[in-house]
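Encoded as structure tokens, the structure appears first; notes follow it.
FYI, side chains are in, hydrogens and waters are out, and symmetry mates aren't considered; it's all heavy atoms of this structure. Along the sequence shown, residues carry numbers from 1.
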Amino acid sequence: PAPGMESLPEAVLIQILASIPAVELVLVCRLVCCQWKNLVDGAALWILKCQQEGLTRAEADVENWQNFYFLSKKRRNLIKNPCGEEGLEHWGEVENGGDGWKIEELPGDFGKEFPSEEVHKYFVTSYEWCRKAQVIDLRAEGYWEELMDTTQPKIMVRDWYAGRSDAGCLYELCVKLLSENEDVLAEYKSETVTIPQGNDASWTEISHTFSSYGPGVRFVRFEHGGQDTLFWQGWYGARVTSSSVTVEP
């Protein structure tokens, strides 16, 4: 009989397997035989796929190349409508203090342009506290339970805030990692940031990275908000935009 694929040198077999979509490698090819299972579970195949697709990092930093590959491919902002292009769509638990939330075009009155040209709008708060939240279902976004419980990839949270130069304002950010039953497993809460009247209206980034947070994380709850400190009718409070939550490879 003609020699089968099992007679191929392992390096050649890895080259062939690397051309197969990653999901099929795990769900189909891994079940063919012990040799294929070992190759799919090993590092060499995934290092090659990462190299082929430009997903690189110093090898010393990677504990599991298969997880690194999948996390790199999935990496994206999990916050929907981060800049107000869709109004308040996707934002829940909205608290509309004063005159409530409003979306404005950058740079806005007494404001400055955002550091990125890709951002065109922002949310702005009023003369009483305005808050809004978004809950991210990690499993629905493709982050399976074993990955979250065992690898516990870093979860990076970012937000941008600014005041307008003719008014003072307050800003807060609170992010929670939640279990299946929405118990709080980890939390980051900023201080209440005070921006004085007469500020330069520049945009400031705030960020936090969750790591080693333990098993059981299934949701991320992102909440931010603000108000002005002069209690002027209208929209003189904190401005926020370009919020992001990413699961890092």
Side-chain angles (χ1 to χ4, degrees), residues 77-85 87-136 154-178 184-211 213 220-246:
N77 185 5
L78 300 177
I79 292 284
K80 297 177 174 63
N81 185 28
C83 304
E85 296 290 349
L88 285 169
E89 187 74 22
H90 304 296
W91 292 96
E93 302 178 54
V94 178
E95 181 180 337
N96 279 309
D99 288 322
W101 286 97
K102 185 183 179 185
I103 291 91
E104 295 180 345
E105 298 272 350
L106 279 157
D109 293 339
F110 295 89
K112 281 190 175 177
E113 290 289 356
F114 192 75
S116 168
E117 294 182 357
E118 297 176 0
V119 178
H120 305 290
K121 294 184 178 182
Y122 59 84
F123 301 91
V124 57
T125 60
S126 191
Y127 59 87
E128 291 178 351
W129 273 99
C130 297
R131 292 183 175 89
K132 57 187 176 69
Q134 200 166 133
V135 177
I136 297 162
K154 292 180 179 178
I155 299 174
M156 174 70 81
V157 177
R158 294 186 177 90
D159 201 19
W160 287 84
Y161 65 88
R164 45 185 289 163
S165 60
D166 63 339
C169 64
L170 305 175
Y171 163 85
E172 287 181 358
L173 170 67
C174 180
V175 185
K176 299 176 181 179
L177 305 187
L178 306 177
V184 178
L185 302 181
E187 180 176 7
Y188 168 75
K189 193 175 192 316
S190 73
E191 62 179 358
T192 300
V193 178
T194 302
I195 302 175
Q197 188 175 16
N199 68 89
D200 65 1
S202 60
W203 287 93
T204 299
E205 183 184 40
I206 184 171
S207 66
H208 178 75
T209 301
F210 291 97
S211 61
Y213 39 75
V220 180
R221 185 182 185 278
F222 180 104
E223 180 187 292
H224 62 183
Q227 69 168 98
D228 79 45
T229 53
L230 302 173
F231 303 99
W232 288 348
Q233 187 171 3
W235 296 273
Y236 293 84
R239 299 169 170 184
V240 294
T241 195
S242 198
S243 310
S244 68
V245 172
T246 54

Begin from the C-alpha positions of Leu185 and Tyr213 and carry the test side-chain contact (heavy atoms from CB on, under 4.5 Å) through to its verdict.
CA-CA 7 Å; Leu185 302 181; Tyr213 39 75; over 6 Å; no
Kindly indicate, with the supporting measurements, whether the criterion side-chain contact (heavy atoms from CB on, under 4.5 Å) is fulfilled by Val240 and Tyr122.
CA-CA 6 Å; Val240 294; Tyr122 59 84; over 6 Å; no
The test is side-chain contact (heavy atoms from CB on, under 4.5 Å); show your working for Leu178 and Val184 and say whether it passes.
CA-CA 5 Å; Leu178 306 177; Val184 178; 3.8 Å; yes
Using side-chain contact (heavy atoms from CB on, under 4.5 Å), reason through Lys121 and Glu104 one step at a time and then give a plain yes or no.
CA-CA 6 Å; Lys121 294 184 178 182; Glu104 295 180 345; over 6 Å; no
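With contacts defined as side-chain heavy-atom distances shorter than 4.5 Å, the pair Ile206/Arg158 does not qualify. The side-chain heavy atoms of Cys130 and Glu128, taken from C-beta on, include no pair separated by under 4.5 Å. Between Pro115 and Trp203, some side-chain heavy-atom pair lies under the 4.5 Å cut-off. Looking at heavy atoms from C-beta onward, Val245 lies in side-chain contact with Ile155 at the 4.5 angstrom threshold. Between Phe123 and Lys102, the closest side-chain pair of non-hydrogen atoms is not below 4.5 Å. Side-chain atoms of Phe222 and Val135, non-hydrogen and from C-beta on, never get closer than 4.5 Å to each other. Considering only heavy atoms from C-beta on, Gln197 comes within 4.5 Å of Leu230 through its side chain. For the pair Val220 and Val175, the minimum side-chain heavy-atom distance is below 4.5 Å.
Between the CD1 atom in Ile136 and the CG atom in Leu78 there is a gap of 5.0 Å [rounded to 0.5 Å]. For the atom pair OG1 (Thr209) and CE (Met156), the distance works out to 3.0 Å, reported to the nearest 0.5 Å. Put simply, CZ on Arg239 and CD1 on Ile103 are 13.0 Å apart, with the number rounded to the nearest 0.5 Å. If you take CD on Glu85 and OG1 on Thr241, they are separated by 8.0 Å, rounding to the nearest 0.5 Å. In this structure, Asp99 CG and Gln233 CD are separated by 5.0 Å, a value rounded to the nearest 0.5 Å. Here SG of Cys169 is found 11.5 Å from CH2 of Trp232. Values are rounded to the nearest 0.5 Å.
Residues satisfying the salt bridge (charged side-chain N to carboxylate O under 4.0 Å, His left out) test with Arg221, not counting sequence neighbours, are Glu93, Glu223. Applying the salt bridge (charged side-chain N to carboxylate O under 4.0 Å, His left out) rule to Lys80 yields the partners Glu141; only residues at least two apart in sequence or on another chain are considered. The salt bridge (charged side-chain N to carboxylate O under 4.0 Å, His left out) test applied to Glu113 returns no partner, not counting sequence neighbours. The side-chain contact (heavy atoms from CB on, under 4.5 Å) test applied to Glu172 returns Trp129, Arg131, Lys189, Ser190, Thr192, not counting sequence neighbours. The side-chain hydrogen bond (donor to acceptor under 3.5 Å, both in side chains) check on Ser202 picks up Asp200, with sequence neighbours excluded. When the salt bridge (charged side-chain N to carboxylate O under 4.0 Å, His left out) test is applied to Asp166, the partners found at least two apart in sequence or on another chain are Arg164.
Minimum heavy-atom separation, Ser126 to Gly97: CB-O, 3.5 Å. Nearest approach of Cys83 to Val119, heavy atoms of both residues: SG-CG1, 4.0 Å. Across all their heavy atoms, Ala238 and Gly226 have their closest contact at CB-CA, 4.2 Å. Shortest non-hydrogen contact noted between Ser242 and Phe114 is CB-CZ, 3.7 Å.
Under a 3.5 Å cut-off, the side chain of Asp228 and the backbone N or O of Ala167 do not form any donor-acceptor pair.
Residue-environment remark: CD (Glu205) exceeds the threshold of 12 foreign heavy atoms within 6.0 Å.
Using bins of under 30°, 30° to 60° and over 60° for the plane-to-plane angle, the ring pair Tyr171/Tyr161 lands in the parallel bin. Ring geometry for Tyr188 against His208 counts as parallel: the plane angle stays under 30°, on a 0 to 90° scale with 60° as the upper cut.
Aromatic rings from Trp160 and His224 are positioned such that their centres are separated by 6.0 Å or more.
Side chains of Ser165 and Asn199: no donor on one and acceptor on the other come within 3.5 Å. Between the side chains of Tyr127 and Gln227, no donor-acceptor pair of N or O atoms lies under 3.5 Å.
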